[in-house]
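This structure is a prediction, so every number in the text was calculated from the model and none was measured.
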Amino acid sequence: MGESWFRSEFLNPRRLVFNVIFYGIQFALFALGWYLQVTNKKLAALNALTWSVWTSRGAGLTLAFDAGLLLVPMLRNVIRVVRPKLAWLFPADENVWFHRQVAYSMAFWAMVHTTAHYVNFFNVERTQVRAEYALQIHYTQPGGITGHFMLLIMVLMYATAHHKIRNQCFEAFWYTHHLAFFFFIGLYTHATGCFVRDSTDPDYISTFPFYSTQHCLGYESWRFTIWPGILYFGERMYREYRARRATRLSKVLVHPSGAMELRIIKPSFKYSAGQWLFIQVPEISRWQWHPFTITSAPEDPYVSVHIRQAGDWTHALGERLGCGPSIVAAMTKAAMKGVEKNENEYGGTRGEYVELDSVTLSPALPHVRIDGPYGAPAEDVFDNEVAVLIGAGIGVTPFASILKHIWYRQKKGSLGALRRVEFFWVCRDAPSFGWFQTLLQEVEEAQVDPNFLHINIYLTQKICDDMLWNLAVNGAGAEYDPLTLLRTRTMFGRPDWKSIYRRIREAIEIGQYLPGSNAQLTTKVGTYFCGPGVLAKGIKAATVMHSNKTVTFTFAKEHF
Amino acid sequence: MGKLIWHDLSRYISLTASIYAVWASFWGILFRKFFWDFIGGVLRAPGGLQPSPKVAIFITIIVKFPLIQIITMVLGFIIIALEYPLPVLKGTALHRSIALRVVLLIQLSSVAVLFYQGTNAALWSLIAATFYIRALTLGERMEEPKKDKGQVEEA
């Protein structure tokens with residue numbers, strides 16, 4: 001927790017604005033729904049039910065708003081298209097967060113709506129406003145049936161979507177969440193059957209929508225809420241179509257650290273640096289899509305992802321590609337120990353990767369499908385004068401693509417506003433990310449301007465005595481760092497973000513950091529972070545603390 | 001492919017169902033109605049539904065005096081206390097018993113199904129009980145919390 005609920009919800013201006021608008025709209029709609037019911041002369045008979053019917057109608061209208069909004073943050077492709085234009089308006093990368101907020105609100109209003117309706121139908125039966133049993137409304141009419149169904153679906157969906165369940169069994173969450181299809185069918189048909197009416201009997205007609213609006217006086221909210229549903233359905237269809245376009249797994253490389261690099265050729269796939277994709281291997285699982293960061297640059301002739309065999313799906317993939325756990329385990333062990341490093345120390349290169357070529361491999365490489373790309377904030381690196389890229393642990397992957405991309409752009413001489421790059425990598429055991437070090441090495445070698453790219457590696461693992469001595473003896477005076485084989489020295493312990501940002505700011509202010517930059521203008525320093533949330537908070541605090549007139553620090557976090 | 005821990009999932013459903021049960025029994029006290037009163041009942045206007053004399057016992061314990069609703073509420077609170085859990089129950093053998101939950105949930109389900117507002121709670125607690133039974137058949141256990149948790153080294 002750390003900070004209090006009040007502080008995070010109300011003392012943060014952006015959050016405050018969001019809360020006022022989002023919850024304000026909901027309460028306004030509740031009041032509107034209530035008011036329209038109370039003042040509708042035609043519905044005088046229903047108004048005999050008093051507060052409960054007003055409440056149910058108000059909550060119903062709010063629920064319609066929420067349910068209509070629910071799918072909007074899930075329109076991934078639409079968001080990807082609009083986010084460059086609308087990034088200032090809303091945090092496009094917090095879409096899942098927003099989806100959750102809408103869902104929480106929906107659970108609340110569903111409670112209000114259902115409670116009120118239980119009172120309504122109780123009183124309908126008691127007073128016989130309509131000649132029917134309460135249970136007839138509950139269990140034989142569309143509104144009641146769909147309502148109970150939606151509640152049940154919500155229980156299952158919410159329970160499996162809890163982060164604890166999602167983490168231990170993503171499939172349980174993923175498959176259960178597709179009940180949403182039935183939920184939305186229920187939602188759109190919830191008010192059918194001419195439920196809110198001024199006549200004794202429902203007034204049905206033979207043409208669409210099969211009830212007459214003369215006597216059926218509901219809010220007709222389905223006319224609005226159905227559009228996001230249709231859009232979302234269309235998007236899923238489009239994703240399916242796009243995923244089926246020609247895709248070929250051309251190469252699999254196994255890195256000494258155990259990471260598999262899949263190189264995929266898909267001409268129709270266009271992306272920019274720092275984005276991610278979904279990958280599916282039908283042979284392993286027909287329905288599962290797994291998100292991975294793209295590690296190749298847009299300029300590369302292929303799309304590559306680096307996969308570590310961590311979960312069962314990735315294990316199955318490794319098995320299928322012929323680099324099963326035993327092989328990889330041995331390689332990983334070797335990499336951790338730094339065996340191959342010693343052998344190649346004079347050359348200054350890392351252990352080579354092993355290519356699994358498709359000729360000797362039997363059976364042939366499996367069919368893969370990819371879907372994407374999907375956005376990530378790192379696309380706009382080139383708008384900043386200084387980019388601070390921070391990767392923590394495995395969160396370093398998006399920066400592979402970005403660094404490569406920067407390297408390509410550097411060769412072409414089209415770096416945009418970007419003048420300097422500070423790259424931070426915080427991780428516990430660097431040697432296990434050998435493949436990334438290879439890449440860093442290439443990028444570092446290619447630097448002409450010694451000031452352009454600055455690599456900082458922080459190793460947070462505890463080092464034992466032996467290792468300490470080794471480092472002290474072998475590392476001193478060597479051209480390359482003994483751990484990473486980069487020119488840059490590895491630092492130990494956790495970085496102190498506050499002093500790092502202060503130093504950057506001070507260096508910019510006295511003009512030695514960006515020679516020739518105009519002191520009158522504001523220097524933009526963009527921070528791009530990928531890693532655990534706790535670390536993000538600290539870094540964000542540091543960026544906020546050190547922003548001033550001449551130097552503005554911005555912060556963006558990536559999500560997996 | 002991931003390993004679902006059924007009693008973790010069931011906990012959330014059980015919590016939802018028992019909170020619903022408490023809420024429903026509160027409203028059930030305000031608006032008292034025997035759920036199954038339509039069986040043999042007669043609908044009159046005005047006057048509403050007249051239950052059959054055969055179910056008089058239920059009318060007594062639900063409509064005349066809301067005994068069932070009160071039992072539901074108490075059971076609901078007990079389950080919440082067990083699931084959330086109440087600090088004093090945390091880590092006790094009671095708290096770690098899946099079988100106890102199954103029993104309580106089935107009891108909750110059988111009382112909640114009797115009154116008008118309780119049916120959803122009854123259905124959901126039955127689902128939660130089913131999932132707990134699934135957890136039991138798979139041999140899941142709620143482990144005792146590790147004593148040496150929360151060291152500074154973590155991060």
Side-chain angles (χ1 to χ4, degrees), chain A residues 52 107 111 114-136 138-139 147-148 151-152 154-156 158-162 164-176 284-285 288 290 311-316 428 460 462 494 532 534-535, chain B residues 1-20 22-28 30-39 41-51 63 115-128 130-131 140 152-155:
Chain A
S52 60
M111 184 272 288
T114 312
T115 307
H117 267 320
Y118 265 85
V119 177
N120 280 340
F121 304 158
F122 181 93
N123 284 328
V124 166
E125 185 180 85
R126 196 171 54 78
T127 59
Q128 293 295 299
V129 178
R130 287 178 195 168
E132 55 198 0
Y133 293 102
L135 298 188
Q136 272 179 319
H138 275 299
Y139 299 108
H148 285 290
L151 285 178
L152 177 60
M154 276 169 77
V155 172
L156 298 174
Y158 283 53
T160 49
H162 191 279
K164 195 168 169 186
I165 305 295
R166 223 171 353 145
N167 286 350
Q168 62 184 228
C169 180
F170 189 79
E171 292 82 357
F173 154 72
W174 180 241
Y175 293 140
T176 313
I284 295 169
S285 171
Q288 286 176 29
H290 290 254
D312 38 20
W313 186 84
T314 46
H315 273 307
R428 206 152 47 201
T460 57
K462 258 196 166 171
R494 292 183 202 158
V534 193
L535 204 52
Chain B
M1 289 170 88
K3 198 173 174 310
L4 178 66
I5 301 169
W6 285 83
H7 72 255
D8 274 349
L9 172 61
S10 191
R11 174 170 169 253
Y12 301 122
I13 298 176
S14 157
L15 271 172
T16 320
S18 48
I19 290 169
Y20 194 124
V22 170
W23 181 244
S25 55
F26 170 70
W27 287 91
L30 298 180
F31 297 89
R32 300 173 193 176
K33 178 173 156 56
F34 173 45
F35 182 81
W36 305 93
D37 59 2
F38 63 93
I39 301 171
V42 186
L43 201 58
R44 259 192 228 143
L49 191 137
Q50 310 298 317
V63 181
F115 67 99
Y116 171 65
Q117 288 90 345
T119 43
N120 275 338
L123 177 65
W124 300 357
S125 47
L126 214 54
I127 293 173
T130 319
F131 284 8
E140 285 177 14
V152 193
E153 283 303 308
E154 282 283 314

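Taking chain B as the reference chain and counting heavy-atom pairs below 4.5 Å, the highest number among Leu535(A), Val119(A), Thr160(A) is found for Val119(A). Comparing Lys164(A), Arg126(A), His162(A) by how many heavy-atom pairs each has under 4.5 Å with chain B, the most go to His162(A). Between chain A and the residues Leu30(B), Asp37(B), Leu49(B), the largest count of heavy-atom pairs under 4.5 Å involves Leu49(B).
At a threshold of 4.5 Å between non-hydrogen side-chain atoms, the residues His138(A) and Tyr116(B) count as touching. Between Ile127(B) and Leu152(A) the shortest side-chain heavy-atom distance falls below 4.5 Å.
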**Study point:** Step-by-step side chain to side chain donor-acceptor pair (under 3.5 Å) determination, Tyr20(B) to Thr114(A)
**Key:** CA-CA 11 Å; Tyr20(B) 194 124; Thr114(A) 312; 5.8 Å; no

**Study point:** Test side chain to side chain donor-acceptor pair (under 3.5 Å) applied to Trp27(B) and Thr115(A), step by step
**Key:** CA-CA 8 Å; Trp27(B) 287 91; Thr115(A) 307; 4.8 Å; no

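Gln168(A) contributes a side-chain N or O that, together with a main-chain N or O of Ile5(B), makes up a donor-acceptor pair within less than 3.5 Å.
Residue Leu123(B) touches chain A through its side chain alone, counting heavy-atom pairs closer than 4.5 Å. With a 4.5 angstrom heavy-atom cutoff, Phe35(B) touches chain A via backbone and side-chain atoms both. Heavy-atom distances place the backbone of Glu132(A), and not its side chain, under 4.5 Å from chain B.
Considering all non-hydrogen atoms of both residues, Tyr133(A) and Gly41(B) come closest at OH-O, 3.7 Å.
Remark: Phe31(B) CZ to Glu125(A) CD distance equals 13.5 Å, nearest 0.5 Å.
The stretch residues 7-15 of chain B places Asp8(B), Leu9(B), Tyr12(B), Ile13(B) near chain A, each with some heavy atom under 4.5 Å from a heavy atom of that chain.
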